[in-house]
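Below is one structure, written out as structure tokens; comments come after it.
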Amino acid sequence: MAQYFHRSAFNKTPRLCASLSSSSRHFIPQHLHPNAIRFMSSQRSYEYILVSRPEPAVVLVTLNRPKSLNALSSPLFAELNQALEEADKDDSVSAMVLTGSEKAFAAGADIKEMKDKQYADVYKNKFLEDWGKINQLRKPLIAAVSGYALGGGCELALMCDIILASPTAKFGQPEINLGVIPGGGGSQRLIHAIGKSRTMELVLTGRMFSAQEASQWGMVSRVVGEGEGEVVKEAITMAKEIASKSQIAVQAGKEVVNAAYEMTLAEGLRFERRIFHGLFATNDQKEGMAAFAEKRKANFTHS
């Protein structure tokens, strides 16, 4: 929830020559598909995020508050929710990627915004509740994490469906150092990802943990590459691969995996089987199985 990092650790982080805006352009191909151009031209101008279309069916959202290490303010989250919701509703989009800069995915929630708030204010106005809108997305969202993902930044990564991390990624829930606890779901999502003992240690000590630890614990899918921008490139490649599948099947797959958090095993198995049965009513199931039998590539119509 909170923006927090050790100055000594920050001082050891290599300085970037390029700004976030210029570095993010590195991931946008020079020759975009016409659908991508139409999508980008239709997007409103954002102040705290960048939205691009690196592949015809993939949207890339880049957090863009480099001076504050992408601190998650309410205005930033409002823009993020809006951009992701628009992509989720766009039939030409099949998958989304979320990233920050090389220094920081997001170093936490904006302390300057929070420090003077009172209980009545945060309670009545449901402070941070709008962060949960990401959970309502039907299409897959991949986090490409480099640098600091602390507090709210760690929580934001955990909200995504898949996390890819660069070797420089540093995760943590350091809110205890500020006299509070995680407020954006960190304690609840971490325990599902890495277990009670590790979650309790991290929440009560506030220590940072590395990309390698996160990978060993199963919190991230894998640690990707060594060079600048490699984790974003890999996330886009993964999103492109997902986008080549049936949108209906992908969304169904996401739904049944997430259902495992809420159901018993018996309930989950029954739910999975019913969703599986339902896919036999789709054109994509007929096309996918016919293509397999005929040893050709499937031409999914997302219907």
Side-chain angles (χ1 to χ4, degrees), residues 39 55-61 77 80-99 128-145 154-164 184-195 218-222 234-292 298-303:
F39 178 90
E55 294 289 341
V58 176
V59 164
L60 171 65
V61 179
F77 231 97
L80 179 61
N81 281 333
Q82 184 175 351
L84 293 176
E85 182 180 1
E86 287 181 1
D88 201 47
K89 291 179 178 178
D90 189 330
D91 288 340
S92 69
V93 176
S94 294
M96 298 165 280
V97 174
L98 177 62
T99 193
L128 300 189
E129 190 169 320
D130 61 343
W131 288 27
K133 290 182 179 179
I134 288 179
N135 300 324
Q136 299 169 17
L137 299 173
R138 300 194 67 189
K139 296 172 183 175
L141 177 62
I142 303 169
V145 180
C154 186
E155 290 169 318
L156 178 57
L158 287 165
M159 292 176 206
C160 298
D161 300 303
I162 300 169
I163 306 174
L164 297 181
S187 64
Q188 305 304 297
R189 290 190 175 91
L190 268 179
I191 201 166
H192 283 290
I194 65 176
M219 176 182 150
V220 307
S221 292
R222 60 181 183 270
E234 182 64 24
I236 291 171
T237 298
M238 179 184 289
K240 181 181 178 182
E241 173 68 16
I242 292 171
S244 71
K245 318 300 182 186
S246 162
Q247 280 189 8
I248 298 175
V250 166
Q251 291 176 30
K254 173 175 174 173
E255 184 176 3
V256 296
V257 170
N258 283 334
Y261 284 98
E262 310 295 335
M263 298 180 176
T264 65
L265 178 58
E267 291 168 338
L269 290 171
R270 187 178 302 110
F271 179 70
E272 178 194 67
R273 193 162 53 249
R274 291 293 178 259
I275 296 296
F276 170 74
H277 290 163
L279 290 172
F280 280 76
T282 68
N283 293 323
D284 284 348
Q285 174 268 329
K286 300 297 183 291
E287 168 62 14
M289 292 191 176
F292 178 84
N299 181 26
F300 294 120
T301 57
H302 313 305
S303 63

Verdict with supporting geometry, His277 and Arg274, side-chain contact (heavy atoms from CB on, under 4.5 Å): CA-CA 5 Å; His277 290 163; Arg274 291 293 178 259; 3.5 Å; yes
Intermediate values then yes/no, side-chain contact (heavy atoms from CB on, under 4.5 Å), Arg189 and Met159: CA-CA 8 Å; Arg189 290 190 175 91; Met159 292 176 206; 3.8 Å; yes
side-chain contact (heavy atoms from CB on, under 4.5 Å) evaluation trace for Leu156 with Ile134: CA-CA 9 Å; Leu156 178 57; Ile134 288 179; 3.5 Å; yes
Residue pair Leu98, Leu80: steps toward the side-chain contact (heavy atoms from CB on, under 4.5 Å) verdict: CA-CA 10 Å; Leu98 177 62; Leu80 179 61; 3.8 Å; yes
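In this structure, the separation between OG on Ser303 and CD1 on Ile248 is 6.0 Å, given to the nearest 0.5 Å. The distance from atom CG of Asp88 to atom NZ of Lys139, rounded to the nearest 0.5 Å, is 5.5 Å. Rounded to the nearest 0.5 angstrom, Leu60 CG and Thr99 OG1 are separated by 7.0 Å. Asn81 CG to Glu86 CD: the interatomic distance, rounded to the nearest 0.5 Å, is 11.5 Å. Separating the OG atom in Ser94 from the CD atom in Glu241 is a distance of 12.0 Å, to the nearest 0.5 Å. Atoms CG and CD, from Leu84 and Gln136 in turn, are 12.0 Å apart once rounded to the nearest 0.5 Å.
In this view, Arg222 and Leu164, Val224, Glu234, Met238 satisfy the side chain to side chain contact (heavy atoms under 4.5 Å, CB included) rule, not counting sequence neighbours.
Looking at Lys254, its side chain never comes within 3.5 Å of a backbone N or O of Leu141 through a donor-acceptor pair. Checked by atom type and distance alone, the side chain of Glu155 pairs as donor or acceptor with a backbone atom of Gly185 at under 3.5 Å.
Screening Asn283, Asp284, Thr301 against Ser246 for a side chain to side chain donor-acceptor pair (under 3.5 Å) leaves a single residue, Asp284.
The environment of NZ in Lys240 is sparse: at most 12 heavy-atom neighbours from other residues, nucleotides or ligands sit within 6.0 Å.
Smallest separation of non-hydrogen atoms from Pro140 and Ile242: CG-CG2, 3.8 Å. Scanning all heavy atoms of the two residues, the minimum distance from Ser221 to Ile162 falls at OG-CG2, 3.3 Å. Scanning all heavy atoms of the two residues, the minimum distance from Ala87 to Met96 falls at CB-SD, 3.6 Å. Closest approach of Phe280 and Lys286 over heavy atoms only: O-NZ, 2.6 Å. Shortest non-hydrogen contact noted between Ala144 and Ala235 is CB-CB, 3.9 Å. Here the closest heavy-atom approach between residue Ala252 and residue Ile275 is recorded as CB-CG2, 3.7 Å.
The aromatic rings of Tyr261 and His192 sit perpendicular, their planes meeting at an angle over 60°, well past the 30° parallel limit.
By the 4.5 Å heavy-atom criterion applied to side chains, Lys133 and Phe77 are not counted as neighbours.
Side chains of Thr282 and Gln285: a donor-acceptor N/O pair is absent below 3.5 angstrom, by distance only.
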